[in-house]
Amino acid sequence: MTKAHPKKFHIKSFGCQMNVYDGERMSELLVDQGMSPAAPDEDADMVVLNTCHIREKAVDKVYSDIGRLRRKDGTSPMIAVAGCVAQAEGKEISRRAPSVDIVVGPQAYHRLPELMETAKAGKKALDTDMPAASKFDILPSRGKQARPNAFLTVQEGCDKFCTYCVVPYTRGAEISRPWADLVDEARALVDGGACEITLLGQNVNAWSGEDDKGRMQGLDGLIRALDKIPDVKRIRYMTSHPNDMTEGLIAAHGEVDKLMPFLHLPVQSGSDRILKAMNRSHSAQSYLDILEKMRAVRPDVALSGDFIVGFPGESDQDFEETLQIVREANYSQAFSFKYSPRPGTPAAVMEEQIAPEVMNERLQRLQALLNEQQYAFNRQTVGRTTDILLERKGKLEGQLIGKTPWLQSVHIISPDLNIGDLVEVEITQAGPNSLTGQIKERMAA
Ligand code: SAM
Ligand code: SF4
């Protein structure tokens with residue numbers, strides 16, 4: 001059955017910030033095709049589910065969301081499944097969920113307009129190619145930004161093949177986007193109203209490329225170039241891999257004021273035995289050595305990380321070593337997950353898979369420790385004066401929520417300020433997950 005050309009679209013992104021970035025680029029592409037985003041309570045005639053394949057639960061969520069898209073009269077909007085589930089499951093998606101019209105992988109979404117034509121003709125459209133030509137050359141250029149804190153993907157894919165992870169299979173080989181394209185895109189983002197730029201990559205600190213004078217640069221060189229754009233006020237980057245944490249990047253933290261004192265550096269486990277089985281190619285000690293160097297140049301740096309509990313073969317002793325590295329490293333925030341076996345990865349077929357109840361108990365203990373550290377970090381900021389970038393409205397009348405340089409959320413009440421303002425506040429209260437602040441000038445009055 002043929003379908004009408006969709007006019008209103010809705011994009012729902014799951015998972016990491018790179019998916020949020022891809023979702024924004026798809027949205028710009030659809031607007032370029034004459035479509036417009038549906039309001040939250042409006043019925044869209046095209047829905048893009050921009051999916052994540054990193055853990056089994058994320059995949060299950062996609063299928064339940066597809067089911068919920070069926071309207072009361074039995075019809076469905078045009079449904080596109082994009083992202084890593086699309087890449088990993090391909091045709092299988094339309095078999096399990098026949099209402100899906102389009103399946104498009106993370107390297108092929110610039111072809112959405114052609115795929116929509118196929119779907120309109122009543123045929124299933126599938127594109128999970130990893131074409132040699134970059135999607136970034138074809139996508140429309142960046143326009144007005146919805147948020148003051150913009151994402152900019154600088155690096156994609158991964159060659160590290162940690163034994164638990166699907167990313168090298170779903171996102172493909174590691175590529176760095178060219179210097180000139182990134183500087184241009186950063187300029188377009190600030191011209192569009194952003195003032196904070198977060199550089200993104202699965203291993204963002206593996207970025208390398210030639211600058212405008214033909215010299216090889218690492219991520220620190222790119223950060224220094226963005227620092228020179230006057231309207232860029234804050235620079236962040238994530239996610240970093242310990243093996244790509246260069247001396248130059250560490251030094252930049254001590255020298256570039258716009259580079260925020262925040263480091264997301266996952267260690268996954270504190271046990272060298274488990275790190276080896278994960279193919280992480282760093283040790284617990286080499287990770288701690290990086291932190292020591294970082295804190296020597298930027299003593300107030302806030303540390304974030306990722307952890308996996310219950311990797312196959314993880315003993316009580318291995319888990320104790322994870323708790324130990326958390327105590328030594330001291331995190332301001334962190335993400336922790338139960339190991340989820342992913343089809344096609346080496347760890348999925350390893351012996352000694354850990355029982356769910358053991359994983360649950362370990363995750364609870366780890367999260368209790370991480371939450372304690374986060375709350376302690378938040379309490380330390382009380383009484384401090386700092387700048388915050390106002391990013392969104394809060395639930396209360398006149399309430400705005402901004403972020404400190406250390407990526408903590410701060411709630412303020414100020415009907416005269418706007419999203420995108422960078423203001424100085426005094427932190428007056430700390431909760432486990434957020435802070436309360438008062439505008440400096442107003443306090444003095
Ligand atoms: N490249 C980054 C690194 O090496 O740290 C991380 C990228 S990955 C998209 C984000 C996080 O998901 C990982 O750091 C890891 O903690 C978690 N993760 C990946 N595969 C997982 C799995 N099979 N089970 C549970 N957590 C997983
Ligand atoms: Fe996945 Fe490891 Fe690559 Fe990170 S470094 S994306 S965890 S394979």
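Everything quoted here is computed from the prediction, not taken from an experiment. We count ligands from 1, going down the list as the structure has it; atoms in each ligand are counted the same way.
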*Asks:* Just to verify, what does Asp316 make a salt bridge (charged side-chain N to carboxylate O under 4.0 Å, His left out) with, not counting sequence neighbours?
*Replies:*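 Asp316 satisfies salt bridge (charged side-chain N to carboxylate O under 4.0 Å, His left out) with Arg362 once adjacent residues are dropped.
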*Asks:* Indicate yes or no: at least one non-hydrogen side-chain atom of Ser269 is less than 4.5 angstrom from one of Glu321.
*Replies:*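 Result no, sub-4.5 Å side-chain heavy-atom pair not found.
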*Asks:* Decide if the gap between the ring center of Phe337 and the ring center of Phe311 is smaller than 6.0 angstrom.
*Replies:*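 That pair fails the under 6.0 Å test.
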*Asks:* Salt bridge check, Lys258 against Glu196: does any charged N sit closer than 4.0 Å to a carboxylate O?
*Replies:*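 Salt bridge: no.
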*Asks:* Quick test of your reading of the model: are Arg142 and Asp191 salt-bridged, counting only N-O distances below 4.0 Å?
*Replies:*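 Salt bridge absent between Arg142 and Asp191.
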*Asks:* Between His264 and Asp306, is any pair of side-chain heavy atoms under 4.5 Å apart?
*Replies:*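 Yes, at least one pair of side-chain atoms sits under 4.5 Å.
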*Asks:* Measuring from each atom of ligand 1, which residues have a heavy atom under 4.0 Å away?
*Replies:*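 Lining ligand 1 at under 4.0 Å, by heavy atoms, one finds Ile54, Arg55, Tyr164, Val167, Gln202, Asn203, Thr239, His241, Pro266, Gln268, Arg280, Asp306, Ile308, Phe337, Lys338, Tyr339, Ser340, Arg342.
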*Asks:* Who's touching ligand 2 if we go heavy atoms under 4.0 Å?
*Replies:*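 Within the 4.0 Å shell of ligand 2, which is judged on heavy atoms, sit Cys158, Lys160, Phe161, Cys162, Tyr164, Cys165, Val167, Pro168, Asn203, His241, Arg280.
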*Asks:* Once ring-ring contact (aromatic ring centres under 6.0 Å, His included) is applied, what residue pairs with a partner in residues 170-209 remain, sequence neighbours excluded?
*Replies:*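 Every pair satisfying ring-ring contact (aromatic ring centres under 6.0 Å, His included) with a residue in residues 170-209: there are none.
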*Asks:* On a heavy-atom basis, which atom in Glu314 and which in Ile354 lie closest, and how many Å separate them?
*Replies:*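 Smallest interatomic distance, heavy atoms only, reads O-CD1, 3.5 Å.
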*Asks:* Within the side chain of Asn203, is there an N or O that forms a donor-acceptor pair under 3.5 Å with the backbone of Ala206?
*Replies:*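 No.
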